[in-house]
Structure formats: structure tokens, C-alpha cells
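In listed order, ligands and their atoms are each counted from 1. Note that the coordinates shown come from a computational prediction; the quantities given were computed from them, not determined experimentally.
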Amino acid sequence: MESTLRELRAEGESVMKPKCTVAGGVEDAYGEDRATEEQLVTPWTVSVASGYSLLRDPRFNKGLAFTEKERDAHYIRGLLPPACITQELQEKKLMNNIRQYQLPLQRYMAMMELEERNERLFYKLLIDNVEELLPIVYTPTVGEACQKYGSIFRRPQGLFISLKEKGKILEVLKNWPEKSIQVIVVTDGERILGLGDLGCQGMGIPVGKLALYTALGGIRPSSCLPITIDVGTNNEKLLEDEFYIGLRQKRATGQEYAELLHEFMTAVKQNYGEKVLIQFEDFANHNAFVLLAKYGTTHLVFNDDIQGTASVVLAGLVAALKLVGGTLADQTFLFLGAGEAGTGIAELIALQMSKESKAPLEETRKKIWLVDSKGLIVSSRKESLQHFKKPWAHEHEPVGTLLDAVKSIKPTALIGSSGVGKTFTKEVIEAMASFNEKPIILALSNPTSQSECTAAEAYNWSKGQAIFASGSPFDPVEYNGKTFVPGQANNAYIFPGFGLGLVISGAIRVHDDMLLSASEALAKQVTLENFDKGLIYPPFSNIRTISAHIAANVAAKAYDLGLATRLPRPQNLVKYAESCMYTPVYRSYR
Ligand SMILES: NC(=O)C1=CN([C@@H]2O[C@H](COP(=O)(O)OP(=O)(O)OC[C@H]3O[C@@H](n4cnc5c(N)ncnc54)[C@H](OP(=O)(O)O)[C@@H]3O)[C@@H](O)[C@H]2O)C=CC1
Ligand SMILES: CC(=O)C(=O)O
Ligand SMILES: [Mg+2]
């Protein structure tokens, strides 16, 4: 495996000749990844880390895996017990320890402590045990961690930029120890998963997303920067909580909010340049669409909830066609939830249909219906609708409930993006199964408590007919002697590879066609074996290969559109993407 990686790295470099920066586009400021495993690496921070400070530096600490020679050379003899062990044995021990914790939150805290202590070991665990650990560092457990973030907070894992820092945001960015940042995930904490406004405690989300950028997409940890913008919170419980870590005030809105965000966006570009990717995450929809439209033409921005979710769901739907038959245009879609996720997905489906059938967008949109908290979105409601809902206000008499909408529209696919759990009732699923041989049912809302239905409910109520996937994971379900394996329809399949594709091509803007390219690459990774189990997504255990394919497709599109700045274009983008990916194996220190 390692020799293959070395070969790929070498190939990646040769593809880039005469001159590239380092082994690929994922910046390797310290030369660790460019070095082969046999070559020696200097573990330098500002000065060369050694002795006690080397053990305390999570980027270079190897714990008991320091060799005898390294213990002498770096003044750590006696600071460690005598045993020297391998990274594999360390991994085994830590997995044993983590499995002994009963509560997911304890496992989350153990993982965060490991990240603070030994970064490479943290990523080794996460990469090698991705299916087991994803639900810990990501949804659903990260949701609980955010709710309790004030109580479990130990050390800052990202930058906090609050209203107090107004006028000084550039200085605050300079306080962050890493200078060479490639991906920022930023939230203002107003819509954390389906859990609502968690204010400053939303920090768990950018931290978790960026851990996935590294583990799933191979972006170097030192190039990732989690940021939480704190403009207050309207969550009364948090405002009264003595352990709350954020500003104790109601949310700033309007001009005050816009000015802070503008200062932030300007400072990021000034400090890190044109090619830093800014991923907006878990903003409320009244800000999310505005920010994306405003900064989409001046910055490299991507809204994961609107765009990443759209790309992953489109991939699942395209894959599902292999099971249900027909084309995308043969389907009728009904959404519960018409916010960022719902309308973002709807728009990308309509775009793909339009490209396939050459029909105008206005026509393809008519195959897609959405229900919000007031019922089916129809033309008679148009005047009072938020701007992002207006394209979906089709001619139809008003319908108040989801069940009535299902009975009237008769969708082939039902997609939950409401953030409200238990909304796909038995009657709704039974109705879907009554007029579809294989109804597609996606319960996208996170975390598990907000899922529109469980996997067991989808399979039982549809009598095993449903093609089901959900935002947070569910275990396989036995129905009538058959095992059904639910897939996870989560943007985690897309954003790590998507970001890698932007980084390795040096893209300067995100284009909708790149979302379609990412989606196409993901759908192609679903194998016959996956389909046989009823899966419409490949397993996460294969995610780094999947991410390399997504990255390659996205980069190819960036080159085709003239949005890539890293030249010349590598001949084999998949191999190049793989050669750029961070790996967590320990390096030998001179
Ligand atoms: N699986 C994945 O990868 C992703 C999942 N999500 C999940 O999707 C959910 C929604 O996120 P997002 O779109 O950003 O949120 P938004 O707040 O933007 O949208 C929520 C939508 O749901 C509607 N809604 C709320 N309650 C009900 C109800 N009882 N009945 C019908 N409609 C209702 C709202 O209606 P109204 O407009 O009338 O208020 C709104 O249209 C979250 O749980 C989030 O975790 C999000 C992104 C990715
Ligand atoms: C997955 C995700 O981004 C969300 O639930 O918001
Ligand atoms: Mg999100």
C-alpha cells in the first residue's frame, strides 16, 4: 500500500514537471509528505521541537512509538517508559480503550483528547476505523457535543471571532499559529444540524467537518482552520447556562451582522489569498443564501448544506435509478422541508434533468414539489414566500399536510429535509408504498433524533419495498428474513473530495457544474454488490478512493471551465489527487 502511494506520489510529481510546489496541491509546508518514508524529516515548529516540548506537540508527538535513536537525538530519554511500540499497536490499544466507553459522548471526548495529544494517531484511527468512528466525531454524536460544548470545552480547536473582535478580525486571523491555510469551515451556530441555534457552541461542527476533510479527503490538518463567528444567540437556555462559552446577548442582525461577516470575508482573502476555500456550514437559511450569492463571485466559497447536500442526494438518486429503472425525468420528487437542503437539492436535480433532457429549467422544476411548515408550496402562496421557495410555487390547490401532499402528488421519491423527527409517519410510508413498487425514501435530517423516520420504520411500513437512506447512520434491519442495509445520505461523501479537487486544481471559484461532476463521480462508485444490498451509496470504508475520484472530476471541471490556476493540468487527475492526500503514518525524525 505504502509503496503504491510512493509510486503514485512520484507519478504525481512527474506529471507536474517541470516545476510544482511540493508533492501535489495539498500544501506540504513542512516537507513531511514529500519525504518518502525512508527519508528523514525535521520535526520543526518555530525552532526544532525536542525533549518535553516534542512530546507535548500533537503534530509531532508519537508517544511510545519514538524509537531508541529518536529518544537520544531529541532529548526524550527518560521522559517515556522504556517500551517502544508500533503505531499499529498504539491504534489497537486506543480502539480497545474507546470501545470500553459506554456513552458516545465519552468516545467523542476520548477522540478529541487524542487529537490534542497525537494528531497522526488520531487520523490513523479515524481513517482505519471510519465506519465505527464517523458516528462519534460526526453526526449524531457531534450534535450532542455541541449541545454540551460549554461543559466539555477543554482547549480551543479553532478560532472564535465575536462582535468584540469587530475592526480587528485580520489581527485575530494572524493569531492562529498556522499560516498556510487551504480550507476554512465557518459557522455562526444558528442552525446546528436539526438542533437549532447553539450559538458559539456550534464550534464542534467546523472542527468535525475539518477532521473529515483530513481523514476522508486527505487535506493536511495544518491547512485546515475551523472558525465560529459569534454574533450572540437567541437560545434562552444557553444564555442562562453558567457554562455557556459565547457572547451573552441576542443575535446581531441586519447591518451589524452583514458588516462583521464582510470584515471577516475581506480579512480571510487578505490573509490567505484568493485560493483559500471557505465552506459555510450550518448558517440559518435567511443568511446562508445571501452569503453564498454575495461572496460566490468574489471568493472561493461553498455552502455545504445547500450545495454539498444537493450533490450527495443527486448522486444517490442517480444510483437509485439502477434499482427503480427509468430516467431522472421519469421521477416525481416531493420534499418535506424547503430550506437550504431542500431547495438546494431540488435545484440541482432540476439542473441535471435539464441537461439530460434539454428541457428548460422552468419545465424540469415542475417535476419537483416541496412542503414547508405551512403545507405544500403552491402558486397561491407565491407572494408571501421567501425568495428561494418561489421557483417551486407550482399550480395546485392548497394542501396542508404531508400525507395529503403525498396522496395528491404521488411522488416516486420522498425526501425529508425539515429538521423535524418522526414526520414520515406510518401512513405516509404506506401511501408511498401503495403506488410505488420501490419508493425512494430519504430521511436526511440530523442528528438521529431529528430523522424523519428510522430505517426500521421505512422497511417495516413499506413491507421491505423502500429504497432508504438517511443523514445519520442506522444499523441494518431484518425484515421477513431479509437483511436491509440502509445507506447514509450525508454531504460527508462530497465535501472532502470536492474541496480536495478545488485545492489540487487551484480553483478560484465554485461552479454548479462542479457539483454535478462530484455527484457523477460518487454515483459511479456504487458497485453491483452495493446495489444487491439495496444500497445507493458506496460504503464509507472506501471513502478515500471515492474522494480521489470526486476530486479528479471536480478538478477536471475546474480546468475545463478555465477556473483552475495550477498549471500544467496533470494528465491523470485521479492518481494526482491520490498523490496529494495526507497520510497519517509516523515519520522518522533525524
Ligand atoms: N444529510 C445531510 O447531508 C444534510 C442534512 N441536513 C439536515 O436537514 C435539516 C434541515 O436543514 P436546512 O434545510 O438547512 O434547514 P432550514 O431551516 O433551511 O429548512 C428547514 C425547512 O423545514 C421546514 N419545516 C420545519 N418544520 C417543519 C414541519 N413540521 N413540517 C414541514 N416542514 C417543516 C421549514 O419550513 P418553513 O420554511 O416554513 O419554516 C423549512 O422549509 C437539518 O436537520 C439538517 O441537519 C442539512 C444538510 C445536509
Ligand atoms: C450534515 C450536515 O451538514 C447537516 O446536517 O447540517
Ligand atoms: Mg451542515
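Of the possible donor and acceptor atoms, one in the side chain of E340 sits under 3.5 Å from a partner among the backbone N and O of N285. In terms of modelled atom types and a separation under 3.5 Å, the side chain of K367 and the main chain of F333 share no donor-acceptor contact.
Closest protein heavy atom to atom 23 (C) of ligand 1: G337 CA, 3.8 Å. When hydrogens are left out, the protein atom nearest atom 3 (O) of ligand 1 is N491 N, 2.9 Å; that is the closest non-hydrogen contact. Atom 8 (O) of ligand 1 has as its closest protein heavy atom S445 OG, 3.8 Å. Summary of contacts: the protein heavy atom closest to atom 37 (O) of ligand 1 is K389 NZ, 2.6 Å.
Between A341 and ligand 1, a contact under 3.5 Å exists for at least one N or O pair. For the pair K374 and ligand 1, the shortest N or O to N or O distance does not fall below 3.5 Å. For a threshold of 3.5 Å applied to N or O pairs, the pair formed by A338 and ligand 1 contains at least one separation below that value. Taking distance alone, with nitrogen or oxygen atoms compared against 3.5 Å, Q450 stays at or beyond that limit from ligand 1.
Using bins of under 30°, 30° to 60° and over 60° for the plane-to-plane angle, the ring pair H299/Y295 lands in the perpendicular bin. Ring planes of H387 and F289: perpendicular class, angle over 60° (limits at 30 and 60°).
Checked options L334, L370, L402; the residue passing with L376 is L334 (criterion: side chain to side chain contact (heavy atoms under 4.5 Å, CB included)).
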Ligand 2: which protein N/O atoms lie under 3.5 Å from its N/O atoms?
{"from": "ligand 2", "atom 1": "3 (O)", "to": "K209", "atom 2": "NZ", "distance (Å)": "3.0"}
{"from": "ligand 2", "atom 1": "3 (O)", "to": "E281", "atom 2": "OE2", "distance (Å)": "3.0"}
{"from": "ligand 2", "atom 1": "3 (O)", "to": "D305", "atom 2": "OD1", "distance (Å)": "3.1"}
{"from": "ligand 2", "atom 1": "3 (O)", "to": "N491", "atom 2": "ND2", "distance (Å)": "3.0"}
{"from": "ligand 2", "atom 1": "5 (O)", "to": "N446", "atom 2": "ND2", "distance (Å)": "2.8"}
{"from": "ligand 2", "atom 1": "6 (O)", "to": "R191", "atom 2": "NH1", "distance (Å)": "3.0"}
{"from": "ligand 2", "atom 1": "6 (O)", "to": "D282", "atom 2": "OD1", "distance (Å)": "2.9"}
{"from": "ligand 2", "atom 1": "6 (O)", "to": "D305", "atom 2": "OD1", "distance (Å)": "3.0"}

Stepwise side-chain contact (heavy atoms from CB on, under 4.5 Å) check, F495 with L216: CA-CA 9 Å; F495 69 79; L216 279 48; over 6 Å; no
Derivation and outcome, salt bridge (Lys or Arg N to Asp or Glu O under 4.0 Å), residues R381 and D372: CA-CA 11 Å; R381 293 179 54 195; D372 66 7; 2.8 Å; yes
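For V420, every heavy-atom contact with ligand 1 shorter than 4.0 Å involves the side chain, none the backbone. Using a 4.0 Å cut-off between heavy atoms, A489 contacts ligand 1 through its backbone alone, with no side-chain atom that close. Only the side chain of T309 comes within 4.0 Å of ligand 1, counting heavy atoms alone; its backbone N, CA, C and O stay farther away. Looking at L336 against ligand 1, only its side chain comes within 4.0 Å, counting heavy atoms.
A donor and an acceptor atom, one from each side chain of T309 and N491, are located under 3.5 Å apart. Between the side chains of Y244 and N235, no donor N or O sits under 3.5 Å from an acceptor N or O. Between the side chains of K389 and Q386, a donor-acceptor pair is found at a separation under 3.5 Å. Side-chain atoms of S408 and H396 include a donor-acceptor pair closer than 3.5 Å.
Close contacts of ligand 1 with R191, meaning ligand atoms under 4.0 Å from a residue heavy atom, involve 11 (O), 12 (P), 14 (O), 15 (O), 44 (C), 46 (C). The G419 neighbourhood of ligand 1 comprises atoms 9 (C), 10 (C), 42 (C), 43 (O), with distances under 4.0 Å to a heavy atom of that residue. Atoms of ligand 1 lying under 4.0 Å from at least one heavy atom of G471, given by number and element, are 1 (N).
A salt bridge does not link K366 with E395: none of the charged nitrogens is closer than 4.0 Å to a carboxylate oxygen.
Using a 4.0 angstrom heavy-atom cutoff, D305 counts as in contact with ligand 1.
Expressed to the nearest 0.5 Å, how far CD1 of I278 lies from CE of M265 amounts to 3.5 Å.
Among the atoms of D282, an N, O or S atom is found under 2.8 Å from the Mg ion (ligand 3).
Aromatic pair F498/F302: centroids less than 6.0 angstrom apart. Between F280 and F283, the ring center distance clears the sub-6.0 Å criterion.
Cation-pi geometry between K322 and F531 is not met: the NZ or CZ atom fails to fall both under 6.0 Å from the ring centre and inside 45° of the normal.
The heavy atom nearest to atom 22 (O) of ligand 1, out of those in G308, S418, S470, is found in S418. Closest heavy-atom approach to atom 36 (P) of ligand 1 among the candidates A469, A284, S373: S373.
Of all N, O or S atoms in E281, the one lying closest to the Mg ion (ligand 3) is OE2. Summary: OD1 is the N/O/S atom of D305 found nearest to the Mg ion (ligand 3).
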